[in-house]
Each structure stands twice: as structure tokens, then as C-alpha cells.
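Below: one structure, written as C-alpha cells.
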Amino acid sequence: MSHSVPLYLDGEFVESQAPRSIPNINPATQLTLANVPCTTPTEIDSAIQSAVKAYNDWRDVPVPERARLLMKFCQLLKSHQDDIAETLSQETGKIFADAKGDVWRGIEVVEHACNIPSLIMGETVENVARDIDTSSYLQPLGVCAGITPFNFPAMIPLWMFPLALACGNTFVLKPSEQDPLTPIQIAEIFHEAGFPKGVLQIIHGDGEQVEHLITHKDIKAISFVGSARVGQHIYRTGTDHLKRVQCMTGAKNHMVIMPDADKNQVISHLVGSSVGAAGQRCMAISVAVFVGESSQWLDDLKNAMSQVKPGLWNEEDAGFGPLISSTARERVLGLIDQGKQEGADCLLDGSDFQHPDYPEGNWIGPTLFANVKPEMSLYREEIFGPVLLAVQVNSLEEALELINNNPYGNGTSLFTNSGGAARYFQRNVLVGQVGINVPIPVPLPFFSFTGWRHSFYGDQHAYGKQAIRFYTETKTVISRWFHHGEEVQGPNLTIQMR
Ligand code: NAD
């Protein structure tokens, strides 16, 4: 019988008393790895209460001490990187090298959080008026909550709680119900690093548990990563309850290919960025916009894509793994069918791909459509599968118009050898993360992850300096110290001009 994924409550790993659970399924074999309990309301309340209690002490732990604990956590994560990646591969289907990348990108955020003494510095101006000084401090908010998606079960939880904790908050995490074993393994390492009990809590479940969390009176801030549909709901509900909310959401990322670009670079980067991780990355390239004569490269692109084979996480020649669930596979197959019906040219069709040893896996092979039009459902919806759409346009201006009319603004990329084209593109495109000859422009953690438009709801983005602002409140102190024997001026009844 499969075991129940433990909760992490008040510094202990405990079994939930929940009557309802969701199976955590290996997407290649369909074997149940564990049961994910849908945490009861009492358990959620007790997680939050324990986080409130832990906050009272944690906020007073000196900043360098908090940094030292994070350094220990970071060092342990590095030494367990392969073990975590193996768990991650089992429950997501990601190939091992990609799973290691998922863990590594999270570790880099923890490294960034170790710089908290410099990151949390306030500002000071001496003598803003005669004998008066002003300082601002960044103080923690209290208990923060995080809700994470299935596609980066190591990296995205690590975008959130290490920085929130570094700032002096405590944290309740609700990871994706589709792959919670990776975040629990990370919590075991966190536990080993010696943090005080209660500063991090992990509960499990789906929308029902999220609802309880985001409406709870003691939750001060909510970080969410997931689809735009759920993100909109969380943003509205959270702000209605007067909480601070940041939602990193869905995407439709375009790569524009100018005729002067290096063809071999274009093809190699397009293949990797579209079908890598089975296209289940929020920064995956899902639309290739060929400008002018560059569309002649479509045949070479098709040939290169057809060389990539899905496979098991530890198979040497596997390019990517299965989709996360049979539901996700059915959805993507439905969109592929609709694309054919709506008149797009399917140049390469991965719908029938089956792994010879694991025919029940959620496989879809690399798929390429040409002559895609903006009104087609293939173009309008986020596909989240190994499907690349090719659109042909006549000019860079036309490419820009297409991208700027798309509701999403997470990432985009331009391949060119022209500095002028690159500058025009980066200045005028309404997308928050732009790559110039870089297909997936994900910033390192000392910058922030800056999606725009329907790819983000909120004000302050994930990680970088913006996360420090998100997880803190600014307090401004204006002070004056009197010298001995100073003359008392009498009450002042007007606003003073300085
Ligand atoms: P999802 O929105 O289905 O789920 C995300 C989280 O929300 C999960 O923890 C889930 O349990 C919870 N949830 C699901 N339905 C809910 C509801 N009705 N009410 C409240 N909570 C609910 O997303 P997913 O399928 O796990 O992840 C893929 C999506 O995440 C894609 O859209 C992708 O673009 C997006 N994503 C965005 C970024 C980014 O930084 N912008 C990064 C990674 C993934």
C-alpha cells in the first residue's frame, strides 16, 4: 500500500488525519508513488498557529544568524542535489539532467537569500532638518503563504520560503498535489539544517486547502505560481481579504527569427527551448515567428525536432519525459486535433508516440505546426506540451505587433545579428523578460523574475530585490536628540517649512 505524504507541522513530519487523498502518480509507469492527503481545516489552522508562534521569536533572531542557517541549508541542498533530483524525476517524469537543473536553480535562490544582511539594508539620511535624522528599516510581515505548481517542484518552493524566512517571516507552503515528494524531501534537509521549529510548515491538497489558506486572518502575504486562471482567482480573493499578493502565472512565449540570424544556432535553440521538459516550462518557447526568408528553415527545424525522443528519466537518449498526467496529455492531444481541424499544417505529429517499454506513460512526441493564425485555439491557449507553432510574418514590426497583442508577457526572444533590430525589439516589446540570441531568458536570482501583463498579477516580482520588498514592510523613523541645556521654543502650532 502507498504511504501518505507527511505534513511538516511545528517542526515534525506527521501523518495527516485527512479523509480524502489524491494519488501521486509516476507519469511514465502510472504506478502510485504515494497518497497526497487533503489536509483538514484543523490541521491547516494548527499549521498557521504554529507559524504565528514561531514568528514571535524568529523575527528577533539576528540577521547574520538567519543567514548562517540558510548557508547550512544551502550546503546540505548541494550535497543532496542528486537524491532530490531522483525523487523529482520519479514524480514529474523529467529526465535526470533536467531534474538536477530544477534543483540547482532553486539552490541559486538560497545562495541569494544568504546575502540577506546586505539585501535588507534600509536607508538613512542624517540631518534632514536641523538635528533630525531619518532612517528606514525593512521589517518582516508575519506569516506568509506559498502555493506552487507541478512543473518546478524544487525551484519554485525555493523561490519563496528561503527569502521570506531570511526577511524574518515564517511560512506555510502548499506544494502541487501532483509532485509533493520533492518539496517534502527539501523540508527534511531544511529540518536537518537546524532551523527553529515552526518557521516552515507544509500542508498538502488542492483548491479547497488553498482557499482556507488564502482567506485565513493570520496570513499576511501570498505568493502563487501556476496557471493564469487560478492566479486571477487567488489575486482577487487574497486582495479582497486585504493581503499582499504576488501571482506568477501562465505564458505564451514567442521567439522571433530574423533572416540574418545564424541558422544552426536558431534551430538548435528552438528545439531545446520548445520541447525540453516536454514543453512544460512557463518560459518554454511555444511560438516561432519567422520573419521573411527565415521561414525557409522550417524543414531543417522539423528534421531536428524529429530527432528528439521522449523517454524515461534515466534513459541515456531521452530528450524529455512524459507529460505530468493523463489529463494533461488528453488536453494537449485535444489542442493538436483542434489545430488540424482549424487548418494549421501539422508538419510533425507526436500524438501517437508510445514508449515501447512503458506504453501507458503520458507520452507525446515533438510536434510542429506551420501556418498558425492568431485566432486558432492552438495559438490562443497555453498548450504546456512539446508543441511548437510556427507563424510567418514579413517584418520585425509585424512580429512585435503579434507579440504585443498576445495577452501574456512572460518571456520572448529575438535571434539576429543586427544590433539595431535587437535594440528596437527589446525597447518596444511588451514582455517582461527578453532574450537576445538567448531562447529562455530566466534571470538569475539577484535580478527578479519579471513577467508582465497576464503572466503576473501584483506589484513586486519573485526573487531579486523585489522579493525582499514583497516580504517586508518599510518602517521610517524620524528622530531628534536634544542637547543638554537647549532652549525650549514653546509649542509649535503650524506645519514647519524647512
Ligand atoms: P495550476 O494553476 O493548476 O496549479 C497551481 C497551484 O494552484 C497548485 O498548488 C494547485 O493545487 C493550486 N490550485 C489548483 N486549482 C486551484 C483552485 N481552483 N483554487 C486554488 N488553488 C488551486 O498550475 P499547474 O498546472 O500546477 O502549473 C502549470 C502552470 O503554471 C502553467 O500555466 C505555467 O505557465 C505556470 N507557471 C508559471 C510560472 C511563472 O513564473 N510565471 C512558473 C511556473 C509555472
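Start at 1 and go down the list; that is how both ligands and their atoms are numbered. Here the structure is a predicted model, which means the values were calculated and not measured.
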**Complete:** Numbered in order shown, the ligand 1 atoms found under 4.0 Å of a heavy atom of Ile147 are 6 (C), 7 (O), 9 (O)
**Request:** Please state whether the rings of Trp58 and Phe195 are parallel, tilted or perpendicular, taking 30° and 60° as the class boundaries.
**Result:** tilted
**Asked** Mind checking whether His461 and Phe470 have ring centres under 6.0 Å apart?
**Response** no
**Asked** Around Asn428, counting heavy atoms of other residues, nucleotides and ligands shown, do more than 12 lie under 6.0 Å from its CG?
**Response** yes
**Prompt:** Is the ring centre of Tyr379 less than 6.0 Å from the ring centre of His254?
**Reply:** yes
**Prompt:** Going by the atom numbers of ligand 1, which of them fall below 4.0 Å from some non-hydrogen atom of Val210?
**Reply:** 20 (C), 21 (N)
**Item:** Cationic N near anionic O, under 4.0 Å, Lys220 to Glu473
**Value:** no
**Prompt:** Relative to each other, are the rings of Phe415 and His269 parallel, tilted or perpendicular (30° and 60° limits)?
**Reply:** tilted
**Message:** Is Phe456 close enough to touch ligand 1? Criterion: a residue heavy atom under 4.0 Å from a ligand atom.
**Reply:** no
**Asked** Any idea which protein heavy atom is nearest atom 40 (O) of ligand 1, and the distance to it?
**Response** Phe449 CE2, 3.1 Å
**Request:** Quick one: which residue pairs count as a ring-ring contact (aromatic ring centres under 6.0 Å, His included) with a foot in residues 431-452, not counting sequence neighbours?
**Result:** Trp159-Phe449
**Complete:** Closest non-hydrogen contact found for Glu381 with Lys252 is O-NZ, 2.5 Å
**Prompt:** To which protein heavy atom is atom 27 (O) of ligand 1 closest, and what is the distance rounded to 0.1 Å?
**Reply:** Pro149 CB, 3.3 Å
**Message:** Can you confirm whether more than 12 heavy atoms, excluding those of Gln232, are under 6.0 Å from its CD atom?
**Reply:** yes
**Asked** To the nearest 0.5 Å, what is the distance between CZ (Phe224) and NZ (Lys174)?
**Response** 9.0 Å
**Message:** Does the residue Phe152 have a heavy-atom contact with ligand 1, meaning some pair of atoms that are separated by less than 4.0 Å?
**Reply:** no
**Message:** Can you report which non-hydrogen protein atom sits closest to atom 26 (O) of ligand 1, along with the distance?
**Reply:** Phe150 N, 3.1 Å
**Message:** Students should be able to answer this: which protein heavy-atom is nearest to atom 14 (C) of ligand 1, and at what distance?
**Reply:** Val230 CG2, 4.0 Å
**Complete:** Ranked by distance from atom 2 (O) of ligand 1, the top protein heavy atom is Ser227 OG, 2.7 Å
**Asked** Of all heavy-atom pairs between Asn253 and Asn410, which one has the smallest distance, and what is that distance?
**Response** OD1-CB, 3.5 Å
**Asked** Would Tyr408 count as a contact of ligand 1 if the rule is a heavy atom under 4.0 Å away?
**Response** no
**Message:** Under a 4.0 angstrom heavy-atom cut-off, which atoms of ligand 1 come close to Asn410?
**Reply:** 41 (N)
**Request:** Mark whether atom 4 (O) of ligand 1 lies under 4.0 angstrom from at least one protein heavy atom.
**Result:** no
**Request:** Under 4.0 Å from a heavy atom of Asn151: give me the atoms of ligand 1 that qualify, with their elements.
**Result:** 43 (C), 44 (C)
**Nearest-neighbour protein heavy atom for atom 28 (C) of ligand 1, which is reported as residue plus atom name and distance** = Phe384 CE2, 3.6 Å
**Message:** For ligand 1 and Glu382, I'd like to know whether there is a polar contact (N/O to N/O, distance under 3.5 Å).
**Reply:** yes
**Item:** For atom 11 (O) of ligand 1, the option (of Glu177, Gln209, Met155, Arg281) bearing the nearest heavy atom
**Value:** Glu177
**Prompt:** Which atoms of ligand 1 are found less than 4.0 Å from any heavy atom of Trp159?
**Reply:** 40 (O)
**Request:** Would you check whether Lys174 has a nitrogen or oxygen atom less than 3.5 angstrom from a nitrogen or oxygen atom of ligand 1?
**Result:** yes
**Asked** Is it true that a side-chain atom of Glu315 and a backbone atom of Leu312 form a donor plus acceptor pair closer than 3.5 Å?
**Response** yes
**Complete:** heavy-atom search around atom 35 (C) of ligand 1 in the protein gives Gly226 O, 3.2 Å
**Request:** Evaluate whether atom CZ of Arg331 has more than 12 neighbouring non-hydrogen atoms of other residues, nucleotides or ligands under 6.0 angstrom away.
**Result:** yes
**Asked** Which ligand 1 atoms does Gly207 reach within 4.0 Å, using its non-hydrogen atoms?
**Response** 16 (C), 17 (C), 19 (N), 20 (C), 21 (N), 22 (C)
**Request:** Output all residues satisfying ring pair (Phe, Tyr, Trp, His ring centres under 6.0 Å) with His355, sequence neighbours left out; order by chain, then residue number.
**Result:** Tyr358, Trp363
**Asked** Could a heavy atom of Ile214 be found less than 4.0 Å from some atom of ligand 1?
**Response** no
**Prompt:** Any chance CZ of Arg236 has more than 12 other-residue heavy atoms, nucleotides or ligands included, within less than 6.0 Å?
**Reply:** no
**Item:** Which of the ligand 1 atoms, numbered from 1, are nearer than 4.0 Å to a heavy atom of Ile156
**Value:** 42 (C), 43 (C)
**Asked** Do Asn151 and Gln280 have a side chain donor and acceptor closer than 3.5 Å?
**Response** no
**Request:** Tell me, please: is Ser176 in heavy-atom contact with ligand 1, that is, under 4.0 Å?
**Result:** yes
**Request:** Starting from atom 9 (O) of ligand 1, locate the nearest protein heavy atom and write down its residue, its atom name and how far away it is, to 0.1 Å.
**Result:** Thr148 O, 2.8 Å
**Item:** ligand 1 atoms in contact with Phe224 (distance to a heavy atom under 4.0 Å)
**Value:** 2 (O), 5 (C), 6 (C), 7 (O)
**Item:** Among Ser455, Ala284, Cys282, Gly432, closest by any non-hydrogen atom to atom 38 (C) of ligand 1
**Value:** Cys282
**Asked** Within the structure, does Thr249 bring an N/O atom to less than 3.5 angstrom of an N/O atom in ligand 1?
**Response** yes
